[in-house]
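Worth knowing before you read on, the calculation uses all heavy atoms, side chains too, and leaves out hydrogens, waters and symmetry mates.
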There are 2 protein chains.
Amino acid sequence: MLKHSKQRDAILANLRSRYDHPNADMIFANIREEIPNISLGTVYRNLALLAEMGEILKIGPSEDGKERYDGHTHPHSHFFCENCGEIYDIGEIFDTRNLEEKLHICIHEASTTLKGICKGCLHSQKQF
Amino acid sequence: MLKHSKQRDAILANLRSRYDHPNADMIFANIREEIPNISLGTVYRNLALLAEMGEILKIGPSEDGKERYDGHTHPHSHFFCENCGEIYDIGEIFDTRNLEEKLHICIHEASTTLKGICKGCLHSQKQF
DNA sequence: TCAATGTTAGGAATCATTCCTGTTTTTATT
DNA sequence: AATAAAAACAGGAATGATTCCTAACATTGA
């Protein structure tokens with residue numbers, strides 16, 4: 001069981017309260033407003049610990065090469081729009097249970113990353 | 001259209017001929033046996049170009065933090081065994097076309113990474 | 001064959017992330 | 001609330017995969 005600390009609690013609360021998919025820097029910048037002397041290393045360490053505990057998700061690096069995090073751990077996939085850069089949540093798109101039985105494997109973690117053009121961008125005048 | 005070079009051709013041929021999921025270093029080490037003076041930078045540059053052209057796939061970093069590549073581009077997903085470290089190919093596990101229509105998006109790239117314990121490891125005596 | 005353009009080797013630079021060290025905070029126990 | 005042990009912290013240095021740079025070399029099309 002993880003101990004509590006002001007810093008760790010703030011990081012988790014921040015991720016839980018938002019619905020985007022920030023990277024370590026973005027979280028660092030936000031937490032700094034409440035805890036001005038928090039260090040970037042602390043943010044990284046706690047993101048790693050929280051992900052390991054299953055409290056949050058690492059959703060893999062975006063185009064910019066930086067790891068992204070998600071405070072909402074129910075099973076879902078992510079869609080990265082290559083035009084506007086937005087990351088969207090989409091529901092479960094396959095049946096994990098079914099797959100485990102069919103392949104005789106045990107799945108601990110499943111992450112699907114889709115890349116393409118989102119609805120909004122498709123409806124703009126631009127061609128893709 | 002990409003020009004040909006001994007180095008680029010060797011990298012593509014190497015990836016096409018193998019069925020594992022090597023990282024840049026592993027490819028570098030192999031190609032070096034044929035072309036001893038190839039440089040690591042050349043390997044990286046060509047992997048990036050080949051992936052951009054759709055000739056090969058980047059399948060996302062493994063546990064060791066290194067990007068992996070796949071010379072076989074038909075749509076399929078990957079399963080990483082957390083015990084033995086093996087990466088397995090598994091077929092398509094969801095219907096991309098269906099998803100595009102349902103969500104009104106255009107999908108250029110889809111990659112699913114599953115992590116867990118493979119069949120072989122599950123059948124060993126160890127508990128997971 | 002030649003010029004234009006693309007590609008290479010080698011090494012330096014980048015930069016997200018991890019590691020290290022001495023200090024501070026939290027927690028569990030009186 | 002005092003205390004000791006364990007965990008967490010700040011700050012900065014180190015790491016290391018990947019990218020960038022430049023001068024030399026190779027490929028292509030005419």
Kindly indicate whether the side chain of A:Leu2, heavy atoms from C-beta on, has any atom under 4.5 Å from the side chain of A:Met53.
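Yes, their side chains come closer than 4.5 Å.
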Got B:Ile93 and A:Asp95 here, is their nearest side-chain heavy-atom distance under 4.5 Å?
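The answer is no; the side chains never approach within 4.5 Å.
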[X] [atom1] to [N] [atom2]: how many Å, rounded?
X	N	atom1	atom2	value
B:Asn37	D:dA26	CG	C1'	13 Å
B:Asp25	D:dT18	CG	C1'	11 Å
A:Ile27	C:dT17	CD1	C1'	14 Å
B:Leu40	C:dG11	CG	P	12 Å
A:His4	D:dA6	NE2	P	20 Å
A:Arg68	C:dA16	CZ	C1'	13 Å
A:Ile31	D:dA8	CD1	C1'	16 Å
A:Phe28	C:dC15	CZ	C1'	15 Å

So what does [X] hit on the nucleic acid, given a heavy-atom distance under 4.0 Å: a base, only sugar-phosphate, or nothing?
X	result
A:Arg8	sugar-phosphate
B:Asn46	sugar-phosphate
A:Lys3	base

Using a distance-only test with no angle check, is there a side-chain donor-acceptor pair under 3.5 angstrom linking A:Arg32 and A:Asn37?
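A:Asn37 and A:Arg32 do not have a side-chain donor-acceptor pair below 3.5 Å.
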Taking atom types as modelled and ignoring hydrogens, do the side chains of A:Asp89 and A:His21 form a donor-acceptor contact shorter than 3.5 angstrom?
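Yes, because at least one side-chain N or O of A:Asp89 sits under 3.5 Å from a partner of the opposite role on A:His21.
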Checking contacts here: which listed nucleotide ([options]) is nearest the side-chain heavy atoms of [X]?
X	options	result
B:Ser39	C:dA9, C:dT7, D:dA17	C:dA9
B:Ile38	C:dT8, D:dC9, C:dA9	C:dA9
A:Ala24	C:dT8, C:dT17, D:dT18	C:dT17

If only side-chain N and O atoms of A:Gln7 are considered, is one of them under 4.0 Å from the OP1 or OP2 phosphate oxygen of C:dT26?
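Looking at the OP1 and OP2 atoms of C:dT26, neither is under 4.0 Å from any side-chain N or O of A:Gln7.
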So, does A:Arg45 get its side chain near the phosphate of D:dC9, meaning an N or O under 4.0 Å from OP1 or OP2?
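So the side chain of A:Arg45 is within the cut-off, an N or O lying under 4.0 Å from OP1 or OP2 of D:dC9.
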Return the 5'-most residue of the pair B:Tyr44, B:Ser5 with respect to DNA chain D, ranking by each residue's nearest nucleotide.
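The residue mapped nearer the 5' terminus is B:Tyr44.
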Side-chain ion pair, B:Lys6 and B:Glu34, N-O less than 4.0 Å
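Salt bridge between B:Lys6 and B:Glu34, a charged N being under 4.0 Å from a carboxylate O: no.
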